[in-house]
Amino acid sequence: MAKNRLVAYYSWGGNTKAAAEYIADKAGAELLELNVKKPYSADYDACVSQVGREGKNCEPELSTRIPDLAPYDVIFVGSPCWWGTIANPLRTFLHQNDLAGKRVVPFMTHGTSGLHVQDVKKLCPDSKVLPGCGILNQYQVSTKVNTPANMGDYKAEIDRWLKELSL
């Protein structure tokens with residue numbers, strides 16, 4: 001029986017979106033882009049400052065209509081890494097939606113901090129959180145530019161990860 005899959009993600013500069021779209025294509029999943037009512041600044045430094053001021057418990061209001069999640073068995077959740085954790089819009093999604101009994105599969109794009117899934121596990125205590133994938137944007141910190149071209153061969157990295165998950 002085929003699993004019903006969803007990729008729910010927040011993308012600030014486009015890297016997480018590129019990864020999410022690729023994951024959805026390879027995993028046969030539907031896409032759900034999480035948008036906020038008050039968008040973050042497109043300026044890298046201004047965004048970093050705002051996120052730092054908001055802190056790691058901020059849950060901004062989403063403008064995205066969330067569909068009924070009951071039919072989904074596997075939910076990939078993606079975001080950029082902000083201050084060593086998931087982006088605040090993903091926190092909102094995870095806090096406001098019951099993912100009990102689902103397999104939750106985190107992925108993150110990042111400039112220096114790597115993959116951090118501790119908050120995904122905290123916000124999904126009744127879910128099976130599978131190993132995640134961290135995708136490095138190798139030039140983000142120096143250039144302050146987000147582009148999938150800076151993520152190296154992220155598609156091959158995602159392919160390896162999906163194969164290891166055996167979904």
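This chain uses plain numbering: 1 for the first residue, then up along the sequence.
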- Message: Do F76 and V104 have side chains that approach each other closer than 4.5 Å (heavy atoms only, starting at C-beta)?
- Response: no
- Message: Could you check whether any side-chain N or O of W83 sits under 3.5 Å from a backbone N or O of V48, counting only pairs where one atom can act as donor and the other as acceptor?
- Response: yes
- Query: Roughly how far apart are M108 CE and L90 CG, rounded to 0.5 Å?
  - Reply: 8.0 Å
- Query: In terms of side-chain geometry, is the basic nitrogen of R91 or D119 positioned less than 4.0 Å from the acidic oxygen of its partner?
  - Reply: yes
- S63 and V36, any side-chain heavy atoms less than 4.5 Å apart: no
- Message: To the closest 0.5 Å, what do you measure between NZ (K122) and CD1 (I86)?
- Response: 10.0 Å
- Does a donor on one side chain and an acceptor on the other come within less than 3.5 Å for T109 and T16? yes
- Message: Counting C-beta onward and ignoring hydrogens, is there a side-chain heavy-atom pair between C133 and E157 closer than 4.5 Å?
- Response: yes
- Message: Give me the atom names and distance for the closest heavy-atom approach of P71 to D68.
- Response: CD-O, 3.3 Å
- Task: Mind listing the closest non-hydrogen atom pair of L94 and C124 along with its distance?
- Result: CD2-SG, 3.8 Å
- Message: Testing the basics here: between S79 and A87, what is the closest heavy-atom pair and its distance to 0.1 Å?
- Response: OG-N, 3.1 Å
- Message: Quick one: does any side-chain atom of K128 pair with a main-chain N or O of G101 as donor and acceptor, under 3.5 Å?
- Response: no
- Query: Is K102 reaching over with its side chain to a backbone N or O of A70, donor-acceptor style, under 3.5 angstrom?
  - Reply: yes
- Task: Output, in order, the C-alpha distance, side-chain angles, deciding distance and verdict of side-chain contact (heavy atoms from CB on, under 4.5 Å) for I135 and N15.
- Result: CA-CA 9 Å; I135 303 161; N15 289 343; over 6 Å; no
- Task: Look only at the side chain of T92 and the backbone of E61, and say whether a donor-acceptor pair between them is shorter than 3.5 Å.
- Result: no
- Item | Ring centers of W82, Y10 separated by less than 6.0 Å | yes
- Task: Please tell me if the side chains of D159 and Y154 come closer than 4.5 Å, counting only heavy atoms from C-beta onward.
- Result: no
- Query: Looking just at side-chain N and O atoms, do E21 and Y9 make a donor-acceptor pair shorter than 3.5 Å?
  - Reply: no
- Message: Strictly distance-based, threshold 3.5 Å: is any side-chain N or O of N4 a donor or acceptor partner for the main-chain N or O of D73?
- Response: no
- Kindly indicate whether the side chain of L123, heavy atoms from C-beta on, has any atom under 4.5 Å from the side chain of L99. no
- Task: Mind checking the CD1-CD spacing from I66 to Q96? Nearest 0.5 Å is all I need.
- Result: 8.0 Å
- Under a 4.5 Å cut-off applied to non-hydrogen side-chain atoms, are E33 and N35 in contact? yes
- Item | Beyond-backbone contact of L136 with H110, side-chain heavy atoms, under 4.5 angstrom | yes
- Atom CG of L130 and atom CG of L165: how far apart are they, to the nearest 0.5 Å? 6.0 Å
- Non-hydrogen side-chain atoms of E54 and Y40 separated by less than 4.5 Å: yes
- Query: Hey, does the side chain of R5 reach the backbone of A24 with a donor-acceptor pair shorter than 3.5 angstrom?
  - Reply: no
- Check whether any side-chain N or O of S41 sits under 3.5 Å from a backbone N or O of D43 as a donor-acceptor pair, and report yes or no. yes
- Message: Measuring from atom CD of Q50 to atom CG of D45, what distance do you get when rounded to the nearest 0.5 angstrom?
- Response: 13.0 Å
- Could you pull out the closest heavy-atom pair between P67 and L32, with the gap in Å? CD-CD2, 3.9 Å
- Message: Please tell me whether E59 and N88 have a donor and an acceptor in their side chains that are separated by less than 3.5 angstrom.
- Response: no
- Drop me the distance from I75's CD1 to S127's OG, to the nearest 0.5 angstrom. 8.0 Å
- When F107 is tested against each of V117, V77, V7 for side-chain contact (heavy atoms from CB on, under 4.5 Å), which residue passes? V7
